[in-house]
Peer 1: 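Okay, here's the structure, questions in a sec.
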Amino acid sequence: MKFFVDTADVAAIKELNDLGMVDGVTTNPSLILKSGRDIIEVTKEICDMVKGPVSAEVVATEAKAMIAEGLKLAKIAKNIAIKVPLTWDGLTACKAFASEGHKVNVTLCFSAAQALIAAKAGASFISPFVGRLDDIHMDGTDLIEDIRIIYDNYDYKTEILAASIRTVNHAIICAKIGADVITAPPSVIKAMATHPLTDKGLEQFLKDWAKTGQQIL
Ligand code: E4P
């Protein structure tokens, strides 16, 4: 399973990237706001650091303007994936970008029907938002399961990029279902390495080691 980091915080990406844990990055307008950085500058910095796809999102809502914005974003680096919302205009832009060989991440997906139609429009990635479905008392991971079945039925090559991953449990359920990618904030990726029994076990080992009076170095 590929791990994308869902942030525009360059330092946080670097820490995970240095450990070989970053297969790509996703950003969105809210994450750019949080970073306090200029979209072109920060996206370029991320693209220079990370080998895999870096999603940069258009903000126009009409296809022609989306295409103009997307082409500008694509010029930042070769590994840009142009991110468009799952609207009819977004799908029109997706088709245009895909036809020119650009990677496209179709975002804000909340239904299997939307995922199917995005695959038909040539999306490289579909981003179903797991956490935001949970927020409205639905099970976001059920959607990942439905999309996996549909894409496998017809051998669609669009990758399922499970987004809005808020918990370690989300990540594991998506991995069991067979999502191609998860995108999660650095905090969730780091939390995957933790377990209370690891902390408890280590504490006991250190106590017992102190009692031996020995040193390794
Ligand atoms: C994905 O591309 C989005 O940037 C992101 O996963 C949204 O997550 P949120 O619902 O926690 O804001």
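As the structure lists them, so they are numbered: ligands from 1, and atoms in each ligand from 1.
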Peer 1: How far is atom 4 (O) of ligand 1 from its nearest protein heavy atom, and which residue and atom name does that atom have?
Peer 2: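 Its nearest protein heavy-atom neighbour is N28 ND2, 2.7 Å.
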
Peer 1: What heavy-atom pair brings D134 and H170 nearest, and what distance separates the two atoms?
Peer 2: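 It is OD2-NE2, 2.6 Å.
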
Peer 1: Before signing off on this row, confirm whether S127 and ligand 1 have an N or O atom pair separated by under 3.5 Å.
Peer 2: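 Min N/O separation from ligand 1 is not below 3.5 Å for S127.
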
Peer 1: Any side-chain to backbone donor/acceptor pair from S55 onto T26? Under 3.5 Å, distance only.
Peer 2: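 No, S55 side chain to T26 backbone: no donor-acceptor pair under 3.5 Å.
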
Peer 1: To which protein heavy atom is atom 8 (O) of ligand 1 closest, and what is the distance rounded to 0.1 Å?
Peer 2: S164 CA, 3.4 Å

Peer 1: Tell me the protein heavy atom at minimum distance from atom 7 (C) of ligand 1, and give that distance in Å.
Peer 2: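 Minimum-distance protein heavy atom for atom 7 (C) of ligand 1 reads F129 CE2, 3.6 Å.
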
Peer 1: How close does the nearest protein non-hydrogen atom get to atom 2 (O) of ligand 1, and which residue and atom is it?
Peer 2: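 Its nearest protein heavy-atom neighbour is K83 NZ, 2.7 Å.
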
Peer 1: Linking Ile, Leu, Val, Met, Phe, Trp and Tyr by side-chain heavy atoms under 4.5 Å, what else ends up with L206?
Peer 2: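 Direct or chained contacts put L206 with L202.
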
Peer 1: I'd like to check which ligand 1 atoms, numbered from 1 as shown, lie under 4.0 Å from a non-hydrogen atom of A163.
Peer 2: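 So the atoms of ligand 1 that pass are 1 (C), 6 (O).
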
Peer 1: Report the nearest protein non-hydrogen atom to atom 5 (C) of ligand 1: residue, atom name, distance rounded to 0.1 Å.
Peer 2: D6 OD2, 2.8 Å

Peer 1: Please determine whether a side-chain nitrogen of the Lys or Arg among R148 and D180 lies less than 4.0 Å from a carboxylate oxygen of the Asp or Glu.
Peer 2: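 Result for this pair is yes, salt bridge flagged.
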
Peer 1: Could you find the nearest protein heavy atom to atom 11 (O) of ligand 1 and give me its residue, atom name and distance?
Peer 2: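 In this structure, atom 11 (O) of ligand 1 has R166 NE, 2.9 Å as its nearest protein heavy atom.
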
Peer 1: Check the pair L73 / T43 against side chain to side chain contact (heavy atoms under 4.5 Å, CB included), numbers first and verdict last.
Peer 2: CA-CA 9 Å; L73 294 172; T43 307; 5.8 Å; no

Peer 1: Does anything in residues 56-81 form a salt bridge (Lys or Arg N to Asp or Glu O under 4.0 Å)? List the pairs, not counting sequence neighbours.
Peer 2: E57-K83

Peer 1: Measuring from non-hydrogen atoms of E57 to any atom of ligand 1, is the shortest distance under 4.0 Å?
Peer 2: no

Peer 1: Keeping the roles fixed (side chain from N79, backbone from V50), state whether a donor-acceptor pair exists under 3.5 Å.
Peer 2: yes

Peer 1: I want to know if ligand 1 touches T27 in the polar sense, i.e. an N/O pair below 3.5 angstrom.
Peer 2: no

Peer 1: Just need the protein heavy atom nearest to atom 12 (O) of ligand 1, so name the residue and atom and give the distance.
Peer 2: R132 NH2, 2.8 Å

Peer 1: Could you tell me which non-hydrogen atom of P186 sits nearest to which non-hydrogen atom of D6, and how far apart they are?
Peer 2: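 Smallest heavy-atom distance, with atoms named: CD-O, 4.4 Å.
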
